[in-house]
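In what follows, a structure is listed as structure tokens, so that the remarks can point back to it.
Chain naming here is simple, since letters A, B, ... match the order of the sequence lines and numbering starts at 1 in each.
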Amino acid sequence: MAKIDRINKVFDPNEAEPRLYNEWMSKGYFKPDETPGKEAFSIVMPPPNITGQLHMGHALDNTLQDILVRYKRMKGYSTLWVPGTDHASIATEAKIVEAMRKEGIFKEDIGREKFLERAWAWKEQYGGRIVEQLKKIGSSCDWSHERFTMDEGCSDAVKEVFVKYYNQGLIYRGERIINWCPHCLTSISNAEVEYEDQAGHFWHLRYPLEDGSGYVELATTRPETLLGDTAVAVNPKDERYKDIIGKMLILPLVGRKIPVVADDYVDIEFGTGVVKITPAHDPNDFEVGARHNLEIINVLTEDAKITEDYPKYAGMDRYEARKAIVKDLEEGGYLIKTEDYNHNVGTCYRCGTTIEPRVSLQWFVKMEELAKPAIEAVKDGRIKFVPERFEKNYFNWMNDIRDWCISRQLWWGHQIPAFYCDDCGEIVVTKDSEAVCPKCGKKMRQDPDTLDTWFSSALWPFSTLGWPEKTEDLKKFYPTDTLVTGYDIITFWVSRMIVAGMAHMDDVPFRDVLIHGLVRDSQGRKMSKSLGNGIDPLEIIEKSGADSLRFALVTGNAPGNDQRFQEDKIEMGRNFSNKIWNAMRFVIMNCEDDLDVSKADPSKFTLEDKWVLTGLNRLVSEATANFEKYEYGVALSKIVDFIWETFCDWYIEIAKSRLFDKECPTRLEAQYLLNYVLGVSMQLLHPFMPFVTEEVYSNLFLDGASESIMISDWPDADKIPSFPEDEKTMTILMSGIRSIRNIRAEMGVVPSRKAHVILVTADDTIAKTFTDGLPFLERLASVSSIDTQKDKAGIPATAVAAVFEGGEIYMPLEDLIDISKELERLAKEKEKIEGELKRVEGKLSNESFVSKAPEKVIAAEREKQAKYTEMYKSITDRIEILSKI
RNA sequence: GGGCGCUUAGCUCAGCUGGUCAGAGUACCUGCUUGACGUGCAGGGGGUCACAGGUUCGAGCCCUGUAGCGCCCACCA
């Protein structure tokens with residue numbers, strides 16, 4: 001059976017993709033090449049949460065990483081891509097709690113140990129699922145290096161860091177006002193709060209003075225917190241309230257006596273210039289309270305209900321209480337007026353519940369000092385963001401950094417390695433899993449809280465390489481080279497990794513940060529579960545293959561920009577795969593099974609051979625440059641254009657005459673180049689579309705082919721010959737062919753009818769190119785024969801004309817053509833050329849242009865002028881001749 | 001309140017350090033059963049590059065301002 005008969009007519013991704021992936025994996029291609037002397041290249045995968053399944057964001061993120069890694073591997077680096085998953089404490093715990101709730105189980109009922117058993121079972125189930133999904137899109141990561149943020153090594157790193165920071169005084173425990181989620185029942189960090197505008201009200205209240213001399217008016221958006229007011233503040237510079245500073249007020253409904261304090265925090269211009277101070281329920285008030293030593297009265301429970309201390313409102317949630325209190329204030333005559341008011345409200349980024357500022361005992365990381373070297377690393381260019389503009393984003397956050405609240409009232413996560421002695425109050429922070437009180441020798445109780453998920457993610461670039469052990473991996477692969485991630489987690493993750501890298505490794509965690517945007521739906525909306533507008537990458541893969549999906553995600557997109565996901569991009573990818581596949585089939589079809597391409601003789605290369613090689617040479621050097629600059633969208637479109645237009649539409653078509661003529665003396669050279677050029681193209685395309693390219697590559701007849709495209713050497717432009725002169729000649733021939741096609745189409749000349757053509761040109765080289773190129777003309781423009789002459793003598797009036805940059809082409813027609821139609825067409829052509837000519841002449845007649853523009857630019861304009869002048873003359877001549885008939 | 005981004009053919013988007021940059025795909029119109037592919041081939045129409053100034057010999061590309069949209073950050077009760 002001939003080779004071609006063993007090749008399917010269409011490429012079937014569902015069959016080929018899993019097969020090829022397993023093959024690559026079993027051959028160990030995803031692992032770093034241990035050959036000595038190879039330079040290392042490494043990246044770590046942003047670990048997907050174990051809560052979910054692959055979504056478009058992951059697909060994009062991993063496609064970009066895979067492109068990068070496959071490119072570097074082919075470039076000859078010993079390449080490591082570390083994959084893994086994140087335990088995602090709050091998100092996972094929420095999911096498990098929710099699942100349990102459906103069964104009627106609450107976590108308090110089963111206890112910590114049983115709960116964690118469930119959580120690990122969850123991890124096994126869903127963590128495994130997402131790994132399988134990552135494989136489906138073709139991720140060439142080293143699965144033998146796979147990690148999990150809560151595995152033994154990562155957990156050890158977490159403890160190491162905690163203890164170290166603690167001993168350095170960079171971690172402390174303290175009672176602060178933090179962001180509390182009444183739904184998740186835990187503290188969250190500043191970064192985890194999302195602000196949104198909400199319509200609300202502004203209630204103007206009057207608080208009576210104790211001495212009965214009147215009242216002060218103030219306004220609040222949260223009247224229910226009045227229960228916890230311990231003062232009212234005014235600005236010390238405010239003349240209006242000078243006299244009441246220090247006086248006491250009677251808190252409405254509660255009857256408590258509270259002082260009027262003076263504090264700069266109060267804005268004289270805003271509202272009435274009087275602010276009620278509730279230190280327990282507002283971060284600003286907390287600070288004011290601290291400055292004035294005010295009592296902190298907590299009036300809300302963990303789930304944001306009024307405490308038992310206020311029997312009338314006890315058990316009401318904050319919104320019910322608000323209504324009730326407003327009603328009571330009104331009835332008591334304390335409410336002056338109510339205004340509509342929009343304000344910014346913080347919400348939990350996980351569940352969307354409005355955050356409740358709450359005073360509680362939490363662990364914090366002091367960030368200011370730690371941030372300094374991290375800021376410096378970006379400032380001095382040791383770390384570069386691509387695109388650069390995101391550095392502003394980073395600096396914005398880092399320059400104004402707050403202490404990081406790292407304790408979470410959750411069970412799923414790294415339990416804080418701090419131990420307390422219930423007897424003497426001693427605190428011990430240690431990596432040991434148990435601790436005994438150094439003072440009273442009693443067994444100590446471990447802090448029940450866990451750490452913020454991002455605390456462990458921050459260590460990812462080195463914890464995954466074995467830190468704190470001094471491993472070979474660390475030595476070889478740290479710092480990693482590029483981090484690929486979305487702009488939405490620069491503050492959460494990127495900044496904290498840089499901080500951690502500088503603090504523990506004394507070096508940057510990565511050199512480049514490649515930032516990508518969001519994948520939105522076709523209408524530009526964020527994909528979300530609630531909108532139900534998400535597109536499942538796995539469905540796309542099932543339908544059209546991973547290559548098509550990857551193509552769609554990369555094509556026509558610039559770094560850092562959001563993109564809309566359009567189904568027709570998938571189709572483009574699928575069509576393109578099909579195009580490549582058929583090009584390969586054509587090539588193989590025209591190669592004998594025992595073909596030995598190494599016997600091809602480069603000295604026999606023809607004009608089109610040299611032309612295609614020149615194009616390939618340029619493509620390799622340009623695309624490589626684009627790869628180096630992370631300009632994947634640009635690289636891809638150049639590669640596609642070359643394959644589709646240069647190779648398929650022109651080179652293959654032209655090569656047909658040589659292939660079909662078994663006696664053709666340069667047939668072997670054509671066969672060689674068809675295989676070679678397609679092979680190199682596949683290598684360039686491989687990072688984008690790994691599967692089809694492997695399949696095509698393996699079928700080609702290549703001299704010195706690698707056993708797999710993915711470990712083949714990246715094409716080197718210096719090894720591909722370039723023939724600029726021949727390229728120019730070929731370009732002219734092509735424009736002649738286009739002219740002929742154009743007149744045929746425009747004049748409605750049936751293409752099947754072979755035509756005789758007369759070329760008028762003064763240039764002998766061009767004349768020869770065309771006569772030699774008759775086979776091309778025959779195949780590509782249905783030309784039966786060609787005459788060349790230097791002037792227009794004897795051109796029949798019944799010929800249609802085309803003017804192109806190499807001269808004029810006439811196609812005499814047997815039947816008299818419609819002269820008016822032809823004149824119309826020529827007039828249109830003339831207009832075009834005239835426009836060009838005018839523009840060029842305008843430039844050249846401009847004194848300052850000629851004197852100031854660079855030599856090269858002027859020369860190019862002059863050349864254009866000469867060309868257009870000639871073309872203009874030709875076309876007006878022709879119009880004149882026809883007009884006389 | 002500060003910062004950033006976007007506004008280019010009907011649609012979705014590329015356009016690097018200013019001089020073939022006015023492009024691609026798609027949609028549209030006209031042809032094509034040409035021995036790889038109709039998931040294709042050939043030809044064509046379509047944009048004063050949001051608006052107003054400025055710098056320059058020359059500006060989607062640089063500067064200033066305006067408008068619309070989007071995002072990030074920020075303690076104004």
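Set against B:C16, B:U39, B:A77, the side chain of A:Thr220 has B:A77 as its closest nucleotide. Of the candidates B:C4, B:A74, B:A14, B:C4 carries the atom nearest the A:Arg389 side chain, counting heavy atoms from C-beta on. Among B:C72, B:A74, B:C41, the nucleotide with an atom closest to any side-chain atom of A:Asn344 is B:A74. Nearest to the side chain of A:Asn582, among B:U20, B:A14, B:C37, sits B:C37. Listed candidates were B:A77, B:A74, B:G43. Nearest to the side chain of A:Arg741 is B:G43. Closest approach to the A:Trp397 side chain among B:C75, B:G25, B:A74 is made by B:A74 (side chain taken as heavy atoms from C-beta onward). Distance from the side chain of A:Asp649 is smallest for B:C41 among the nucleotides B:C41, B:A77, B:A74. When distances are taken from the side chain of A:Phe660 to each of B:G40, B:A36, B:A77, the shortest belongs to B:A36. Considering only the side chain of A:Val275, B:A77 comes nearest among B:A77, B:A36, B:G3. With B:A74, B:U39, B:G19 as the choices, the nucleotide that has an atom nearest any side-chain atom of A:Arg402 turns out to be B:A74.
For B:C16, the OP1/OP2 oxygens have no side-chain nitrogen or oxygen of A:Asn626 closer than 4.0 Å. Within the 4.0 Å cut-off from OP1 or OP2 of B:C41, at least one side-chain nitrogen or oxygen of A:Trp644 is found. At least one side-chain nitrogen or oxygen of A:Tyr341 sits closer than 4.0 Å to the OP1 or OP2 atom of B:A77. At the phosphate of B:G5, neither OP1 nor OP2 sits under 4.0 Å from any side-chain N or O atom of A:Lys392.
B:G47 and B:G38 have their P atoms separated by 34 Å, given to the nearest Å. Going from the P atom of B:G43 to that of B:G25 covers 12 Å, rounded to whole Å. When the P atom is used for both B:C76 and B:A24, the distance is 49 Å, rounded to whole Å. Nucleotides B:C16 and B:G23 place their P atoms 15 Å apart, quoted to the nearest Å. Comparing the P positions of B:C63 and B:U17 gives a spacing of 11 Å, expressed to the nearest Å. Atom name P, nucleotides B:C62 and B:C49: the rounded distance is 15 Å, in whole Å. Nucleotides B:U7 and B:A77, compared at atom P, are 35 Å apart to the nearest Å. Here, B:U12 and B:G3 have their C1' atoms 28 Å apart, quoted to the whole Å.
Without hydrogens or angle criteria, A:Arg550 side chain to A:Phe688 main chain gives a donor-acceptor distance under 3.5 Å.
Atom CG of A:Asp521 and atom C1' of B:U12 are 13 Å apart (whole Å). A:Ile737 places its CD1 atom 15 Å from the C1' atom of B:G43, with the value rounded to the nearest Å. Rounding to whole angstrom units, CZ of residue A:Phe576 and P of B:G25 are separated by 12 Å. With rounding to whole Å, A:Asn575 atom CG is found 15 Å from B:A36 atom C1'. Between A:Lys276 atom NZ and B:C75 atom C1' the separation is 15 Å, expressed in whole Å. Atoms CZ (A:Phe551) and P (B:A24) sit 15 Å apart, rounded to a whole Å. Between A:Lys638 atom NZ and B:G15 atom P the separation is 11 Å, expressed in whole Å. Rounded to whole angstrom, the span from the CZ atom of A:Arg520 across to the C1' atom of B:C13 amounts to 15 Å.
Within the nucleic acid shown, A:Asp267 comes within 4.0 Å of at least one base atom, counting heavy atoms only. Using a 4.0 Å heavy-atom cutoff across all strands shown, A:Glu847 reaches no nucleic acid atom at all. Among the heavy atoms of the strands, none lies under 4.0 Å from A:Lys9. Residue-level contact check: A:Trp203 touches neither bases nor backbone, having no heavy atom under 4.0 Å from any strand. Residue-level contact check: A:Lys579 touches the bases, meaning some heavy atom is under 4.0 Å from a base atom. Among the atoms of the strands shown, only primed sugar atoms or phosphate atoms (P, OP1, OP2) are found under 4.0 Å from some heavy atom of A:Gly556. A:Tyr265 comes within 4.0 angstrom of a nucleotide base, judged by non-hydrogen atoms across all strands. No engagement by A:Phe11 is indicated, since no non-hydrogen atom pair under 4.0 Å with the nucleic acid exists. A:Val266 comes within contact range of at least one nucleobase, with a heavy-atom separation under 4.0 Å. As judged by a 4.0 angstrom heavy-atom cut-off over every strand, A:Asn561 is placed among residues touching the sugar-phosphate backbone only. Among the atoms of the strands shown, base atoms are found under 4.0 Å from some heavy atom of A:Ala583. Using a 4.0 Å heavy-atom cutoff across all strands shown, A:Ile652 reaches at least one base atom of the nucleic acid.
Ring pair A:Phe647/A:Phe642: centre-to-centre distance not below 6.0 Å. The distance between the ring centers of A:Phe395 and A:Phe385 does not fall below 6.0 angstrom.
B:A59 is unpaired under the criterion used here, namely a Watson-Crick or G-U wobble arrangement in which both key atom distances are under 3.5 Å. With a cut-off of 3.5 Å on both Watson-Crick or G-U wobble distances, the partner of B:C21 is given as none. Using the Watson-Crick or G-U wobble rule with both distances under 3.5 Å, B:G1 pairs with B:C73. Pair assignment for B:A42: B:U30, on the basis of Watson-Crick or G-U wobble contacts that are both within less than 3.5 Å. If you check B:U7 for Watson-Crick or wobble pairing at under 3.5 angstrom, you find it paired to B:A67.
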Which is it for A:Thr230 and A:Thr278 under the side chain to side chain contact (heavy atoms under 4.5 Å, CB included) test, yes or no, and what are the steps along the way? CA-CA 6 Å; A:Thr230 51; A:Thr278 321; over 6 Å; no
Could you go step by step and tell me if A:Asn190 and A:Asn179 meet the side-chain hydrogen bond (donor to acceptor under 3.5 Å, both in side chains) rule? CA-CA 7 Å; A:Asn190 295 339; A:Asn179 303 293; 3.1 Å; yes
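Position along RNA chain B of the nearest nucleotide to A:Ser848 versus A:Asp568 favours A:Asp568 as the more 5'-ward residue. The 5' end of RNA chain B is approached more closely, in terms of each residue's nearest nucleotide, by A:Val587 than by the other of A:Val587 and A:Arg738.
The base of B:A36 lies close enough to the side chain of A:Glu653 for a donor and an acceptor atom to sit less than 3.5 Å apart.
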Scan the side chains in residues 853-867 of chain A for donor-acceptor partners under 3.5 Å anywhere in the protein, sequence neighbours excluded, and list what turns up.
{"from": "A:Glu861", "atom 1": "OE2", "to": "A:Lys864", "atom 2": "NZ", "distance (Å)": "3.2"}

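Within 90° of 0 lies the glycosidic angle of B:G60, which makes this nucleotide syn.
A salt bridge links A:Glu727 with A:Arg618: the distance from a Lys NZ or Arg NE/NH1/NH2 to an Asp or Glu carboxylate oxygen falls below 4.0 Å. Classification of A:Glu356 and A:Arg358 as a salt-bridged pair fails, no side-chain N sitting under 4.0 Å from a carboxylate O. Using a 4.0 Å cut-off between charged nitrogen and carboxylate oxygen, A:Asp562 and A:Arg564 do not count as a salt-bridge pair. With salt bridges taken as basic N to acidic carboxylate O contacts below 4.0 Å, none links A:Glu831 and A:Lys828.
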